[in-house]
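Here is the structure we will look at.
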Amino acid sequence: HLLQATDLPLHGKRVLVTAGGTREMLDPVRYISNRSSGKMGYAVARVARELGAKVTLISTPTALTKPAGVTYTEVTSAADLAKAVKADFEETDLLVMAAAVSDFKPTHAVDQKIKKQPGQTGLTLELAETEDILKTLAPLKTHQFVVGFAAETQHLIENAEKKLAAKKLDMLVANDVSKPGVGFNGDTNQVTLLTPNSTPMTTNLLSKTEIAQTILKAAIERGV
Ligand code: CTP
Ligand code: CA
């Protein structure tokens, strides 16, 4: 018979994807952020849509083309992102937290541009922690399958195992961003998928689209 939309593996599923690096404003013209390009999250959103899901993408501003057929919400700070994710969480079947969330924000954001004083030779910034979104969501989980990401530069598996447990995740996608072609900005990635009670699985160096397909296939196999 003809292939029906209802045959797609994520048909009827609501998938929430976060992407990009959050921005913490220091003053109206400056912010602290990170090297996330948003490409990995965008690829997950696009592939989830192709697999039949109803997809919401919550992203920081990026230069990327918005995936077709996906509901798009733009955020800037970690606090904005937390608010948007929490608002959608209950009605989500699969959450993929690909966003690189700032761990700290300026303690005092000021509403006027910080001016360099005559003779000033340095500047010390005071930062305070942001909310850990995945930790907040962990006790609110009912049916949701939650996937976290971890970019590491050393002790990949050890650090990733700790995050999988601490954030009560169903899957953690870990990558060693110190390796060439892995992680930020590029079009390729190599990841290790960790799930509770099974051996970590490492992919080859693949396109971010292929990585997205691998992540979603693994989530579907585990019951999304
Ligand atoms: N994360 C989050 N809220 C934060 C920080 C991170 O929800 N405030 C999420 C990220 O989106 C990612 C996962 O937690 O899916 C792991 O992020 P990571 O930065 O690797 O972990 P941290 O717990 O912040 O640990 P560290 O940065 O110290 O390695
Ligand atoms: Ca972090």
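Count residues from 1 along the sequence.
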Minimum heavy-atom separation for [X] and [Y], please, with both atom names.
| X | Y | answer |
| --- | --- | --- |
| Met40 | Ile211 | CE-CG2, 3.6 Å |
| Leu94 | Ala219 | CD1-CB, 4.4 Å |
| Pro61 | Val75 | CD-O, 3.4 Å |
| Ala99 | Leu81 | CB-CD2, 3.9 Å |
| Met97 | Val85 | SD-CG2, 4.5 Å |

**Asked** Should Asp170 and Val147 count as side-chain neighbours, where that means a heavy-atom distance under 4.5 Å?
**Response**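 No - every pair of side-chain heavy atoms lies 4.5 Å or more apart.
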**Prompt:** So do Val146 and Leu134 actually touch side chain to side chain, heavy atoms under 4.5 Å?
**Reply:**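 Yes; the side chains approach each other to less than 4.5 Å.
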Separation between [atom1] of [X] and [atom2] of [Y], rounded to the nearest 0.5 Å:
| X | Y | atom1 | atom2 | result |
| --- | --- | --- | --- | --- |
| Glu74 | Leu57 | CD | CG | 9.5 Å |
| Leu64 | Arg46 | CG | CZ | 9.5 Å |
| Thr202 | Asn175 | OG1 | CG | 11.0 Å |

Check: Is Val182 isolated, or which residues cluster with it under the ILVMFWY side-chain rule of less than 4.5 Å, directly or via members?
Finding: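 Other cluster members: Leu205.
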| request: Each residue besides Val177 in its hydrophobic cluster should be listed here, by chain and number; the cluster joins Ile, Leu, Val, Met, Phe, Trp and Tyr at side-chain heavy-atom distances under 4.5 Å. | output: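 Members besides Val177, by chain and number: Phe184.
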Going by salt bridge (charged side-chain N to carboxylate O under 4.0 Å, His left out), name the pairs with one or both residues in [range], residues two or more places apart or in two chains.
| range | answer |
| --- | --- |
| residues 106-133 | Lys86-Glu131, Asp132-Lys167 |
| residues 142-156 | Glu152-Lys163 |
| residues 196-215 | none |

With sequence neighbours left out, write down each residue that passes salt bridge (charged side-chain N to carboxylate O under 4.0 Å, His left out) with [X], or none if nothing qualifies.
| X | value |
| --- | --- |
| Glu221 | Lys217 |
| Lys83 | none |
| Asp187 | Lys39 |
| Arg30 | Asp27 |

(request) Would you tell me whether Thr92 and Asp88 have side-chain atoms, one donor and one acceptor, within less than 3.5 Å of each other? (result)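 The criterion, which ignores hydrogens and geometry beyond distance, is not satisfied for Asp88 and Thr92.
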Those residues at least two apart in sequence (or on a different chain) that pass side chain to side chain contact (heavy atoms under 4.5 Å, CB included) with Thr199 are none
Applied to residues 49-71, the side-chain hydrogen bond (donor to acceptor under 3.5 Å, both in side chains) test, sequence neighbours excluded, yields Tyr42-Thr62
What pairs meet the side-chain hydrogen bond (donor to acceptor under 3.5 Å, both in side chains) rule with one or both residues in residues 93-103, with sequence neighbours excluded?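 Listed by first then second residue: Arg14-Asp93, Thr22-Ser102, Glu24-Ser102, Asp93-His143.
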